Amino acid sequence: MAMTEPEFRATGVRIERWPRSLTKAGQVLIKDGKLELLTSYGRVIDSAPVRAVRAGKAWFTDESSAALTVNGKRYRVTLGQRNHRADPEVLTGRFLKAVRGAGVAED
């Protein structure tokens, strides 16, 4: 069985569940219609079918953050903090586009 490539993957992601930070170097993965939030060690923080996730730009933050609702829990993910080669705004835009492309309700 061939492994499929993820539609989106980002590492070095700050993941917060208001009001606390869960990881400063986590991962966001969209693969096979499923979104996963992972710690830096690969432990699943939360996951759900992408179509059940709500995503949009985070209010009152810079353009590198997105707000998510996964299984009724609100998260803020900040992409591109540790990857100095990637533009955080572009990376966040790619993430939201991947979410939209997978059939997600967007705010």
Side-chain angles (χ1 to χ4, degrees):
M1 182 163 89
M3 297 288 288
T4 59
E5 287 294 315
E7 290 94 48
F8 182 85
R9 168 174 277 176
T11 58
V13 178
R14 180 182 193 97
I15 301 173
E16 299 169 288
R17 181 159 180 235
W18 287 291
R20 64 177 217 167
S21 176
L22 300 175
T23 182
K24 294 180 182 178
Q27 301 175 55
V28 175
L29 179 66
I30 299 174
K31 184 176 179 181
D32 298 330
K34 185 176 180 182
L35 177 129
E36 291 184 321
L37 302 176
L38 307 166
T39 67
S40 57
Y41 299 108
R43 183 180 61 83
V44 176
I45 295 170
D46 210 341
S47 68
V50 180
R51 67 182 177 282
V53 174
R54 294 187 54 84
K57 291 279 188 182
W59 291 12
F60 307 111
T61 63
D62 62 12
E63 295 294 315
S64 65
S65 294
L68 304 174
T69 303
V70 180
N71 297 319
K73 298 175 196 147
R74 293 178 43 153
Y75 296 94
R76 182 171 69 187
V77 295
T78 305
L79 296 101
Q81 286 187 306
R82 294 182 175 262
N83 185 350
H84 300 290
R85 292 177 292 171
D87 181 345
E89 291 179 29
V90 171
L91 194 57
T92 302
R94 282 185 44 232
F95 169 68
L96 291 173
K97 185 177 179 180
V99 170
R100 272 195 304 271
V104 169
E106 186 171 349
D107 290 337

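Everything numeric here is computed off the predicted structure, so don't read it as measured data.
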Rounded to the nearest 0.5 Å, the CZ atom of Arg54 sits from the CG atom of Leu68 at a distance of 11.5 Å
Side-chain heavy atoms of Ser47 within contact of Lys34, under 4.5 Å: yes
Quick note, ring-ring contact (aromatic ring centres under 6.0 Å, His included) partners involving residues 5-25, not counting sequence neighbours, are Phe8-Phe95
List for me each residue that meets salt bridge (charged side-chain N to carboxylate O under 4.0 Å, His left out) alongside Glu89, sequence neighbours excluded, and say none if there are none. none
Can you find a heavy atom in the side chain of Thr69 that is under 4.5 Å from one in the side chain of Val53? no
Set of ring-ring contact (aromatic ring centres under 6.0 Å, His included) partners for Tyr75, sequence neighbours left out: none
Calculate, to the nearest 0.5 Å, the distance between atoms CD1 and NZ belonging to Ile15 and Lys24 respectively. 13.5 Å
Side chain proximity check, Arg74 to Arg17, heavy atoms < 4.5 angstrom: no
Which residues share a side-chain contact (heavy atoms from CB on, under 4.5 Å) with Leu29, sequence neighbours left out: Pro6, Arg9, Lys31, Glu36
Heavy-atom pair with the smallest gap, counting every atom of Ser21 and Glu16: CA-CG, 3.9 Å
Does the pair Gln27 and Ser40 meet the rule for a side chain to side chain contact (heavy atoms under 4.5 Å, CB included), with working shown? CA-CA 7 Å; Gln27 301 175 55; Ser40 57; 6.0 Å; no
Connecting only ILVMFWY residues whose side-chain heavy atoms lie within less than 4.5 Å of each other, what is the rest of Leu38's hydrophobic cluster? Val44
Atom pair OG1/CG of Thr92 and Leu79 - distance to nearest 0.5 Å: 4.5 Å
Report yes or no: does Asn71 contribute a side-chain atom to a donor-acceptor pair with the main-chain N or O of Ala48 at less than 3.5 Å? no
Of the non-hydrogen atoms in Val50 and Leu35, which two are nearest, and what is the gap between them? CG2-N, 3.5 Å
Is the side chain of Thr39 donor-acceptor paired with the backbone N or O of Arg43 at a distance under 3.5 Å, no angle test? yes
Partners meeting side chain to side chain donor-acceptor pair (under 3.5 Å) with Thr78 (sequence neighbours left out): Ser65
